[in-house]
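Here's the structure we're looking at; comments come further down.
Note: hydrogens, waters and symmetry copies are ignored here, and every other heavy atom, side chains too, is used.
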There are 2 protein chains.
Amino acid sequence: MSDAVDAIVDQWVKERADVEDDLWPVQLFGRIQRLAVVIEKSVKANAAQHGLDVGEFDILSTLQRSGPPYALTAGTFLKASMVTSGTITNRVDKMEAKGLVERVRDGEDRRTVKIRLTERGQEVTRAAFTDHLANYARLLADVDRDLVEKAAESLRPVLEALGDTTIK
Amino acid sequence: MSDAVDAIVDQWVKERADVEDDLWPVQLFGRIQRLAVVIEKSVKANAAQHGLDVGEFDILSTLQRSGPPYALTAGTFLKASMVTSGTITNRVDKMEAKGLVERVRDGEDRRTVKIRLTERGQEVTRAAFTDHLANYARLLADVDRDLVEKAAESLRPVLEALGDTTIK
DNA sequence: TGCTCTTATCTCGGTATCGAGATTGTTAAG
DNA sequence: CTTAACAATCTCGATACCGAGATAAGAGCA
């Protein structure tokens, strides 16, 4: 059994024998990066079926899973979504134009802006996320469930070590 | 022990109890996607220190690991790099201007164009890749080596199932 | 030779993202 | 109450990428 990353590492061993002992992280990171590309394309296709791009779907999902009242500040998205502030502004602009979210200025601190799901935004998100999960399941249809769970478990300490954060 | 993805899944369970049984792929895919972003940022920073962007570094690495004569067709990169043809053209244009690679038209089939590393390209790639591996090791410094290898192993069948390909 | 189908690469308009700096509001010190 | 420092968001130019279509070369067939 060998995959694309095995082939890549084999090539490196031949070409750069001097760093053979330093190639072990490639086995992990190479697979993560290639899997991420495949997954991203699939997520993108699913989002498109609901008239969204990936970034918009990301914002909507974050809002919905935060629970009622489905409102978070722009700053929260910065930490949750791993993108820059300009990107958030742009995404929210587009979704506000579509009527999926609305900006609400807080009376407490007028610098902050809460992004809130509209009724329509909630409906769209609900439908898109349901299909999103079906899409995920389809991608993993040919992989043993136990194996998927083991892989997920083994990545947890790695993600922690690399200092990931999320909304609290 | 819990990470950002555990938190995300917990939120979904509360908000969408109806799909609780379909959330298991999120444990794997969520970690893959978040790890990919962190890794990508780090790879980007390393490439920048050598005057390259990530896409350029990708092309150069693919060329070098292919071994002498360090030449591949544009089409090969399409399969290896998971990007579109326009992207490859653009990357090669920039690197040709920098003197890192050169286009060589094949006498056999004049539609195909081989992209070949120049002497300078080989030097830059060698140095950049050495630092790249050091960077990878740094990212994983706090993670048990056995665990990294187990995680890498567990991702192999997933990558195979999702139909990844590489250059032959 | 002429025609069509296929293959390989390039062109180019559209777009999401980055990232540094500007804008606006808040807090704290003197 | 003025000023400075800080915080949250937005602006905007630059850029890498996508992706559909154009271009150009080879292959098969009459």
| query | Are OP1 or OP2 of C/dT9 and a side-chain N or O of B/Arg105 less than 4.0 angstrom apart? | reply | no
| field | Listed nucleotide nearest any side-chain atom of B/Asp109, set C/dA16, D/dG26, D/dT9 | value | D/dG26
| Separation of D/dA7 P from A/Lys79 NZ (nearest whole Å) | 12 Å
| said: Quick test of your reading of the model: are B/Glu153 and B/Lys150 salt-bridged, counting only N-O distances below 4.0 Å? | reply: no
| request: Could you say whether A/Ala74 or B/Glu56 is positioned toward the 5' end of DNA chain D, judged by the nucleotide with the nearest heavy atom to each? | output: A/Ala74
| message | One thing to verify: whether A/Asp131 and A/Arg126 come together as a salt bridge, which I'm taking to mean a side-chain N less than 4.0 angstrom from a carboxylate O. | response | no
| query | For B/Asn90 and C/dG13, what is the distance between atoms CG and P respectively, to the nearest whole Å? | reply | 14 Å
| said: Quick check: do B/Arg16 and A/Arg65 have side-chain heavy atoms less than 4.5 Å from each other? | reply: no
| How long is the line joining NZ of A/Lys114 and P of C/dG25, in whole Å? | 19 Å
| task | Could you check whether B/Val83 gets within reach of a base, just the sugar-phosphate, or nothing at all, counting any heavy atom under 4.0 Å? | result | sugar-phosphate
| Between A/Tyr70 and B/Glu15, a side-chain donor and acceptor under 3.5 Å | yes
| For the pair made of CD1 in B/Ile115 and C1' in C/dT9, what is the distance, rounded to whole Å? | 9 Å
| said: Using the side-chain heavy atoms of B/Lys94, tell me which of these nucleotides is nearest: D/dA16, D/dC17, C/dT17. | reply: D/dA16
| said: What is the distance, to the nearest angstrom, from the CZ atom on A/Arg110 to the P atom on D/dC6? | reply: 24 Å
| query | With a 4.5 Å limit on heavy-atom distance, are the side chains of B/Gln64 and A/Trp12 in contact? | reply | yes
| query | Would you say the side chain of B/Thr84 and the base of D/dC17 hold a donor-acceptor pair, judged only by whether the two atoms sit under 3.5 Å apart? | reply | no
| query | Within the pair B/Arg103 and C/dC10, is there a side-chain N or O less than 4.0 Å away from OP1 or OP2? | reply | yes
| Per B/Arg91 side chain, nearest of listed nucleotides D/dC17, C/dT26, D/dA25 | D/dC17
| request: Select one nucleotide: of D/dA16, D/dC10, D/dA7, the one nearest the side-chain heavy atoms of A/Val113. | output: D/dC10
| Polar side-chain contact B/Arg111-C/dT7 base: donor and acceptor under 3.5 Å | yes
| Listed nucleotide nearest any side-chain atom of A/Lys44, set D/dA24, D/dT11, D/dG19 | D/dG19
| task | Would you classify A/Gly86 as touching base, sugar-phosphate or nothing, given that sugar-phosphate means primed atoms plus P, OP1 and OP2, and contacts are heavy atoms under 4.0 Å? | result | base
| Whole-Å distance separating the CD atom of B/Glu40 from the C1' atom of C/dT17 | 12 Å
| query | Reckon A/Thr112 touches a base, only the sugar-phosphate, or nothing at all at heavy-atom distances under 4.0 Å? | reply | sugar-phosphate
| task | Provide, to the nearest angstrom, the distance between the CG atom belonging to A/Leu52 and the P atom belonging to C/dT15. | result | 16 Å
| task | Please state how far atom CD1 in B/Ile88 lies from atom C1' in D/dA16, giving the value in whole angstrom units. | result | 12 Å
| query | Looking at side-chain heavy atoms only, is the closest gap between B/Val148 and A/Pro25 below 4.5 Å? | reply | no
| said: Go nucleotide by nucleotide along DNA chain C from the 5' end; which of B/Asp93 and A/Thr87 gets its closest nucleotide reached first? | reply: B/Asp93
| said: Ignoring hydrogens and geometry beyond distance, is the side chain of A/Ser85 in donor-acceptor contact with the base of D/dC10 at under 3.5 Å? | reply: yes
